[in-house]
Amino acid sequence: MPKTADRLKGFTESVIREMTRVANHYGAINLSQGFPEADPPEEVVESARRALAEGVHQYAITWGAPRFREALAAKQRHWMGLDLDAEAHLVVTCGSTEAMMVAMMTACNPGDRVIIFSPFYENYGADTILSGAEPIYVPLRPPSYEFDPGELRRAFEQGAKALVLCNPANPSGKVFSEEELKVIATLACEFDTFVITDEVYEHIVYAPHRHRYIAAMPNMFERTISCSSLSKTYAMTGWRLGYVIAAPEVIQAARKVHDFLTVGAAAPLQEGAVTALELPMEYYEDLRLWYTERRDLFLQYLDQAGLPYTIPEGAYYVLADVSRFKVTDDLAFCRWMAKEVGVAAVPGSSFFHEPVHHLVRFHFARKKETLKECGRRLLKLKDAA
Ligand SMILES: Cc1ncc(COP(=O)(O)O)c(C=O)c1O
């Protein structure tokens, strides 16, 4: 039998999806794989139905249906404060997942180095390897998840071609402050490095924190490849709609990668999602409040279970500290918790480059009743240590 490619040896199958299988096996509540337990607004679903009924079945323009791009440019102009042009500055992709792969392949030659903050969303390691680049990890140390500017500078000095910025961050819940973004921006300009952002949680940020787009900072638009998607903002992770925003020269290159990877995102869903992109401003405030309620509720349950955590500033994950259980193998701990407690989480080590084994990640994008039941189950941990 012929051998599969060597590049695949560099990474394993997703631990998150493995934990979903474990959750199903034990009938545990799945707080591992992060998707919202909510539907998109009904008028958005109705729009997609209409697009299908009206015969939108064939390929859209490869870099995005014109109505979708116009609506997206208008929405992002408002939020990013940038004068975006729907023709020049956008590529519509199959989720942020494709956007990140496109960005990486657009920015990097084989052998180039890419800075990744650790802990990181698990796709980045794989994206880097698939595009032939090499990761340089810079730690965000728990429990505050701050980086050391000196350490970051040394990473740039190793000749990094790009830096990946997940903001708000999964799994840490960190929202990078203006000062931190300035440090990153200054180094990126000094070393002529791309910044590839993953901003899928741009609208899930808890007061008093605020999301800032690094692309909108001085001298940054020309070197930032902004990736995001509609998945989390409109509770439509299965629609697979995302995008890349960048300078026209970068977009020209990114469109080529996208065209040969996927041709395009689903045409009828792009038409349907125009309604989502045109939702009024109150939608985003309601979204923030919906998640704030769930975050506050879930943190209260962690308190009751006696698990310390870092308060998430954005996104819908929390890293909880399970050192009280003398954990040396956090994967085994998560399996045990799914079986004995009935709640599935992700072992923290799957997000860290460093040997960190005392954290587990829960997501709280669930209905309040579901979270309440988790709270009840997690009480079993209180006396378990
Ligand atoms: C940081 C981050 N980026 C990207 C994704 C995937 O986004 P999409 O559905 O747009 O591909 C996720 C999903 O959990 C995520 O947490």
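If you're wondering where the values come from, they're calculated on a predicted model, not measured in any experiment. Along the sequence shown, residues carry numbers from 1. Whatever order the structure lists ligands and atoms in, that order sets their numbers, starting from 1.
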Element-labelled atoms of ligand 1 that are located less than 4.0 Å from some non-hydrogen atom of C166: 1 (C)

Are H363 and N170 side-chain neighbours, meaning at least one heavy-atom pair lies under 4.5 Å? no

One finds that the ligand 1 atoms under 4.0 Å from a non-hydrogen atom of Y317 are 14 (O), 16 (O)

Taking only non-hydrogen atoms of S231 and a 4.0 Å limit, the atoms of ligand 1 in range are 8 (P), 9 (O), 10 (O)

State, yes or no, whether a side-chain contact exists between S172 and F117 at a heavy-atom distance under 4.5 Å. no

So, for F351 and Y317, is the gap between ring centers shorter than 6.0 Å? no

Using a 4.0 Å cutoff against the non-hydrogen atoms of G95, which atoms of ligand 1 qualify? 10 (O), 11 (O)

Nearest heavy atom to atom 14 (O) of ligand 1 wins, so pick from K232, E199, M100. K232

Within the structure, is a non-hydrogen atom of F35 found at a distance of less than 4.0 Å from ligand 1? no

Between R240 and S231, does the side chain to side chain contact (heavy atoms under 4.5 Å, CB included) criterion hold? Intermediate values first, please. CA-CA 7 Å; R240 312 305 307 127; S231 288; 3.7 Å; yes

Taking it one step at a time, do R67 and E70 satisfy salt bridge (Lys or Arg N to Asp or Glu O under 4.0 Å)? CA-CA 5 Å; R67 280 185 69 234; E70 285 297 345; over 6 Å; no

Contacting atoms of ligand 1, where contact means under 4.0 angstrom from a heavy atom of R240: 8 (P), 9 (O), 11 (O)

Filtering D198, N123, T97 for the heavy atom nearest atom 1 (C) of ligand 1 leaves D198

Under 6.0 Å between the ring centres of Y234 and Y283? yes

Does the side chain to side chain contact (heavy atoms under 4.5 Å, CB included) test come out yes or no for L378 and F362, once each step is laid out? CA-CA 12 Å; L378 287 172; F362 296 99; 4.3 Å; yes

Can you list the ligand 1 atoms lying under 4.0 Å from a non-hydrogen atom of N170? 1 (C), 15 (C), 16 (O)

May I ask you to say whether E202 pairs ionically with K232, meaning some side-chain N is under 4.0 Å from a carboxylate O? no

For Y124, take its heavy atoms, then give the atoms of ligand 1 lying under 4.0 Å from any of them. 1 (C)

Identify the protein heavy atom lying closest to atom 5 (C) of ligand 1, giving its residue, its atom name and the separation to 0.1 Å. Y121 OH, 3.4 Å

